[in-house]
Q: 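The structure follows.
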Amino acid sequence: MEDCLFCKFVSKEFETNIVYEDKDMIIINDINPKAPVHMLLIPKVHYKYLHEQSEKSAELLGKCLHKLASLRCELGLDEGYRLVINQGDDAGQTVPHLHVHILAGKKMDWNPA
Ligand code: 5GP
Ligand code: ZN
């Protein structure tokens with residue numbers, strides 16, 4: 001999609017710090033980390049909301065999460081990790097390309113408010 005930052009990372013039009021890539025996703029380090037480890041899992045297919053997913057893109061997201069779980073030691077997530085998907089303004093979504101925040105590297109409080 002035109003003018004989508006994450007699509008430009010996927011297409012390599014913009015350079016970024018890719019820590020993992022396969023045919024379905026890239027994983028990058030967040031530029032403004034909220035935890036000692038803060039990566040973004042970015043599916044290559046562009047859509048903004050979970051409710052916009054086709055059956056195919058839903059399957060791909062499941063596949064990406066399955067792959068992420070298998071990479072947990074390689075990515076330094078073996079002590080635990082938190083996954084967050086912000087959806088819409090109230091959740092603070094700022095990039096309109098669905099992505100999964102991967103947070104780790106410390107004991108985290110549970111305070112979503
Ligand atoms: P959202 O707020 O949409 O859930 O998450 C967007 C995330 O993208 C934020 O955590 C933000 O720090 C990250 N981000 C925004 N611009 C860039 C960038 O140019 N490079 C990287 N690596 N992360 C970015
Ligand atoms: Zn996009």
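In listed order, ligands and their atoms are each counted from 1.
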Q: Which heavy atom of the protein is the closest neighbour of atom 1 (P) of ligand 1, given with residue, atom name and distance?
A: His99 NE2, 3.2 Å
Q: Is it the case that more than 12 heavy atoms not belonging to Glu52 sit under 6.0 Å from its CD atom?
A: yes
Q: Taking both backbone and side-chain atoms of Asn29, is any N or O found less than 3.5 Å from an N or O belonging to ligand 1?
A: yes
Q: State which residues pass salt bridge (charged side-chain N to carboxylate O under 4.0 Å, His left out) with Lys106; sequence neighbours excluded, sorted by chain then number.
A: none
Q: State, yes or no, whether a side-chain contact exists between Leu83 and Leu68 at a heavy-atom distance under 4.5 Å.
A: yes
Q: Go through the structure and list residues passing side chain to side chain donor-acceptor pair (under 3.5 Å) with Thr16, not counting sequence neighbours.
A: none
Q: Where's the contact between Leu40 and ligand 1, heavy-atom distance under 4.0 Å: side chain, backbone, both or neither?
A: side chain
Q: Relative to each other, are the rings of His99 and Phe6 parallel, tilted or perpendicular (30° and 60° limits)?
A: perpendicular
Q: How about Lys48 and His97: do any of their side-chain heavy atoms sit closer than 4.5 Å?
A: no
Q: If you measure from the Lys or Arg side-chain nitrogens to the Asp or Glu carboxylate oxygens, is any gap between Lys44 and Glu21 under 4.0 Å?
A: yes
Q: Within the 4.0 Å heavy-atom shell around Asn32, which atoms of ligand 1 are there?
A: 12 (O)
Q: Between ligand 1 and Phe6, can you find any atom pair, the residue atom being a heavy atom, that is separated by under 4.0 Å?
A: yes
Q: Counting from 1, what ligand 1 atoms have a heavy atom of His101 closer than 4.0 Å?
A: 1 (P), 4 (O), 5 (O), 7 (C), 10 (O)
Q: I'd like to check which ligand 1 atoms, numbered from 1 as shown, lie under 4.0 Å from a non-hydrogen atom of Leu5.
A: 16 (N), 17 (C), 19 (O)
Q: Return the CG to CD1 distance between Leu98 and Ile42, rounded to the nearest 0.5 Å.
A: 10.0 Å
Q: Protein N, O or S atoms at less than 2.8 Å from the Zn ion (ligand 2), how many?
A: 4
Q: Less than 4.5 Å apart, any side-chain heavy atom of Leu40 and any of Ile27?
A: no
Q: Tell me which protein heavy atom sits closest to atom 3 (O) of ligand 1, plus the residue, atom name and distance to 0.1 Å.
A: Thr94 N, 2.7 Å
Q: Report yes if some heavy atom in the side chain of Leu41 is under 4.5 Å from a heavy atom in the side chain of Ile102; otherwise report no.
A: yes
Q: May I ask you to list the atoms of ligand 1 that are less than 4.0 angstrom from any heavy atom of Val95?
A: 3 (O), 6 (C)
Q: For atom 13 (C) of ligand 1, what's the nearest protein heavy atom and its distance?
A: Asp30 OD2, 3.4 Å
Q: Examine the proximity of ligand 1 to Ile28 and report which part, side chain or backbone, both or neither, has a heavy atom under 4.0 Å away.
A: side chain
Q: Taking only residues two or more places apart in sequence, or in another chain, which ones meet Gln53 in a side chain to side chain donor-acceptor pair (under 3.5 Å)?
A: Tyr47
Q: Could you identify the single nearest non-hydrogen protein atom to atom 23 (N) of ligand 1 and state the distance to 0.1 Å?
A: Ile31 N, 3.3 Å
Q: Polar contacts were defined as any N/O atom of the residue lying under 3.5 Å from an N/O atom of the ligand; does this apply to Phe9 and ligand 1?
A: no
Q: How long is the straight-line distance from CD1 of Ile31 back to NE2 of His38, given to the nearest 0.5 Å?
A: 11.5 Å
